[in-house]
Amino acid sequence: MIIGGWQKNSFIDYPGKISCVLFFSGCNFKCPHCYNPDLARGKPAHILEEHRVYDFLERRKVFLDGVVLSGGEPTLNKDLFDLCAKIKKLGYPIKLDTNGSRPQMIAGLLAEGLIDYIAMDIKTDPWNYSPLIQQKCDPEQIFTSIKIIMQSGIAYEFRTTCIKPLVDENVVERIAQRIKGSRLYALQQFKNFGVLQPEFFEHNNCKYDHNELMHLKSVAEPWVQKCIVR
Ligand code: SF4
């Protein structure tokens with residue numbers, strides 16, 4: 001397990017909490033819009049020693065209320081169980097950011113009570129992940145993660161970064177139907193800055209403007225408890 005960086009204090013990554021965000025190195029996806037290309041490629045600029053994380057969390061108990069596991073894709077690491085157990089022992093709730101490709105890991109972490117909040121990205125219609133998001137993606141893994149998360153009983157959200165042509169109103173409707181009844185679905189605005197596959201965006205107008213995003217929101221809204229644009 002390689003922790004490729006951290007943000008010591010964040011006010012936005014864990015809803016309602018001041019959190020420390022840990023970024024894990026390595027990912028099994030290659031999303032064109034990935035904002036952490038070095039981490040996704042498994043080539044972080046720095047490597048953070050685990051004991052520094054625990055020391056810091058121990059000292060910051062008064063100020064921090066939570067820890068976010070982000071990436072890269074945290075669930076690729078089997079050692080995550082051990083890391084989560086140590087963080088929980090320090091008294092912190094944990095939020096997991098995941099691409100949903102490892103449903104067994106998500107189920108295992110939930111079964112052991114190691115996760116308190118899950119944010120899962122749904123990149124586009126899971127039937128269309130191959131080959132752009134992952135060379136060979138099994139959509140059933142994504143669907144299983146969705147099911148596990150919705151039945152988990154903990155706080156969660158699904159989120160989609162809105163990029164043309166990966167996401168359009170038909171895709172948003174299919175995703176919203178798949179996560180029918182979910183407590184929160186966030187449609188995220190795309191920022192073309194330091195992405196993993198810049199060539200993907202060279203000749204395309206990929207960005208949705210505010211009105212278009214509000215339209216996508218109106219498409220998703222009937223299917224979920226709450227839909228937001230962020
Ligand atoms: S956006 Fe997330 S899932 Fe996609 S390549 Fe980057 S780290 Fe992996």
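Indexing begins at 1, ligand by ligand and atom by atom, following the structure's order. Since this is a predicted model, take the numbers as computed values, not measurements. In this chain, numbering begins with 1 at the start of the sequence shown.
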- Message: Are more than 12 heavy atoms, taken from residues, nucleotides or ligands other than K43, located less than 6.0 Å from that residue's NZ atom?
- Response: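 Open.
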Atoms of ligand 1, numbered as shown, that sit under 4.0 Å from any heavy atom of [X]:
X	answer
G72	7 (S)
F29	3 (S), 5 (S)
N99	3 (S)

- Location of contacts on K123 toward ligand 1, heavy atoms closer than 4.0 Å: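 The answer is the side chain.
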- Task: Determine whether the side chain, the backbone, both or neither of C27 has a heavy atom under 4.0 Å from any heavy atom of ligand 1.
- Result: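 Just the side chain.
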- Query: Between K207 and E212, is there a side-chain N and carboxylate O pair less than 4.0 Å apart?
  - Reply: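 Here K207 does not pair with E212 in a salt bridge, since their nearest N and O are not under 4.0 Å apart.
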- Task: Report the C-alpha separation of K86 and D82 in whole Å, then their side-chain angles, then the decisive distance to 0.1 Å, and conclude whether the salt bridge (Lys or Arg N to Asp or Glu O under 4.0 Å) test is met.
- Result: CA-CA 6 Å; K86 286 180 179 151; D82 185 47; 3.1 Å; yes
- Item | N/O donor-acceptor pair under 3.5 Å between N77 side chain and D79 backbone |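 Such a contact is absent between N77 side chain and D79 backbone.
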- Query: How far is atom 4 (Fe) of ligand 1 from its nearest protein heavy atom, and which residue and atom name does that atom have?
  - Reply: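 Scanning the protein heavy atoms, the shortest distance from atom 4 (Fe) of ligand 1 goes to C31 SG, 2.3 Å.
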- Item | Nearest-contact summary for atom 6 (Fe) of ligand 1 - protein heavy atom, Å |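 Of the protein heavy atoms, C34 SG, 2.3 Å lies nearest.
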- If you group Ile, Leu, Val, Met, Phe, Trp and Tyr by side-chain heavy-atom gaps below 4.5 Å, do L76 and L110 land in one group?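 No; L110 is not reachable from L76 via cluster members.
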- Query: Taking all atoms of both residues into account, what is the closest heavy-atom pair of C27 and E73, and its distance?
  - Reply: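 That closest heavy-atom pairing would be SG-CB, 3.9 Å.
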